[in-house]
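Please read the structure below before turning to the comments.
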Amino acid sequence: MLDLIILSLHFFICFLISIAIWYGPKDVDSHSSSTGGAEMQPDGLIFIGKEDDIKKSQRITAKIDGREIVVFYHEGKFHALDSRCYRKIFACVISDIDGQACIVCPWHKFKITLETGEGLYEGINPQEPSPTPKWQSKGVKQRIHKVTIHNGNVYVSPPDLSVSFDSDYYAEKYKQGGELAMGK
């Protein structure tokens, strides 16, 4: 009986944490312009927010031409990625994996480096005499965006859509239909 009570309490706490994450820091969508959520500057950069505000919140989302991106501040650096991998990564956890800062998808546990957008997996080489698991790259899966800091403001370069990444499919799907289009 005690096990059932502890399990129920654990479930309830996880539920409350999920709600806190869901209703946590909100999207930056107060900038109205032709970019659909962020202000385009004359030099082509897109204003995302104030440096100090993003440092305090550790992350913020914005829309660029209807595409949702997330800007993370982690260990003294800013990183910008599409906010959709295989679901929504805004509510993800940042972990150190093999010396690289990675986001970990809360639904599928995919590991994506903040620096490069590479997907990581732990695998073995069966041809080694004593195979041991090592972190390896699945290639770049997540579109990253260049971040520029100028006069206390954070800017992101518009995405170069001439190259395709896995996250583009989900970004476009969300752009067309929002949360309902994403499904489970």
*asked:* Over 60° means perpendicular and under 30° means parallel, so tell me whether Y73 and F78 are parallel, tilted or perpendicular.
replied: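 Ring orientation of Y73 relative to F78: tilted.
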If Ile, Leu, Val, Met, Phe, Trp and Tyr residues are connected whenever their side-chain heavy atoms lie under 4.5 Å apart, and connections chain through other members, are [X] and [Y] in the same group?
X: I60; Y: I149; value: yes
X: L161; Y: V163; value: no
X: V140; Y: L81; value: no

Can you find a heavy atom in the side chain of [X] that is under 4.5 Å from one in the side chain of [Y]?
X: L45; Y: V156; answer: no
X: P131; Y: N125; answer: no
X: I94; Y: R59; answer: yes
X: Q142; Y: F110; answer: no
X: I48; Y: I54; answer: yes
X: S157; Y: I46; answer: no
X: L120; Y: I112; answer: no
X: V147; Y: Y155; answer: no

Out of curiosity, [X] [atom1] to [Y] [atom2], how far, rounded to the nearest 0.5 Å?
X: S167; Y: E68; atom1: OG; atom2: CD; value: 12.0 Å
X: Y170; Y: K141; atom1: OH; atom2: NZ; value: 10.0 Å
X: K138; Y: D166; atom1: NZ; atom2: CG; value: 9.0 Å
X: E172; Y: S164; atom1: CD; atom2: OG; value: 11.0 Å

*Would you confirm whether K111, through its side chain, and K109, through its main-chain N or O, come within 3.5 Å as a donor-acceptor pair?*
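Yes; judged by distance alone, with no hydrogens or angles, the pair exists.
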_What verdict does the side-chain contact (heavy atoms from CB on, under 4.5 Å) test give for F72 and L114, after you've listed the backbone C-alpha separation in whole Å, the side-chain angles of each residue and the deciding distance to 0.1 Å?_
CA-CA 8 Å; F72 292 98; L114 289 176; 3.7 Å; yes
*Using only heavy-atom distances, determine whether the side chains of T116 and E118 contain a donor-acceptor pair under 3.5 Å.*
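E118 and T116 do have a side-chain donor-acceptor pair below 3.5 Å.
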*Go through the side-chain N and O atoms of Y121 and Q136 and say whether any donor and acceptor fall under 3.5 Å apart.*
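Their side chains do contain a donor-acceptor pair, which is all the 3.5 Å distance test asks for.
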*Start with the C-alpha distance between I69 and S83, add both sets of side-chain angles, then the distance that settles side-chain contact (heavy atoms from CB on, under 4.5 Å), and finish with yes or no.*
CA-CA 5 Å; I69 67 160; S83 75; 5.6 Å; no
*Would R143 and D160 count as a salt bridge (charged side-chain N to carboxylate O under 4.0 Å, His left out) if you check the C-alpha gap in whole Å, the side-chain angles of each, and the deciding distance to 0.1 Å?*
CA-CA 9 Å; R143 179 175 297 282; D160 173 11; over 6 Å; no
*Note: K134-D98 ion pair, threshold 4.0 Å (strictly below)*: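 No.
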*Can we say E51 and K56 salt-bridge, meaning some charged N sits less than 4.0 Å from an Asp/Glu carboxylate O?*
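No, no charged N to carboxylate O under 4.0 Å.
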_Worked verdict on E115 versus K77 for salt bridge (charged side-chain N to carboxylate O under 4.0 Å, His left out)_ = CA-CA 10 Å; E115 200 73 36; K77 289 183 171 180; 3.6 Å; yes
*Apply side-chain contact (heavy atoms from CB on, under 4.5 Å) to H145 and D82, showing your working.*
CA-CA 8 Å; H145 305 269; D82 280 353; 2.8 Å; yes
*Decide yes or no on side-chain contact (heavy atoms from CB on, under 4.5 Å) for H79 and I144, but give the supporting numbers first.*
CA-CA 8 Å; H79 306 276; I144 59 170; over 6 Å; no
*Measure across A101 and D96 and return the closest heavy-atom pair with its distance rounded to 0.1 Å.*
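Answer, listing the atom of A101 first, then D96: N-OD1, 4.4 Å.
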*Closest heavy-atom pair and its distance - P159, I64*: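 It is CD-CG2, 4.3 Å.
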*Contacts of F165 that satisfy ring-ring contact (aromatic ring centres under 6.0 Å, His included) - sequence neighbours left out*: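 Once residues adjacent in sequence are excluded, F165 has no partner under the ring-ring contact (aromatic ring centres under 6.0 Å, His included) criterion.
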*So does H150 have more than 12 non-hydrogen atoms from other groups sitting under 6.0 Å from NE2?*
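It does not: H150 NE2 has 12 such atoms or fewer within range.
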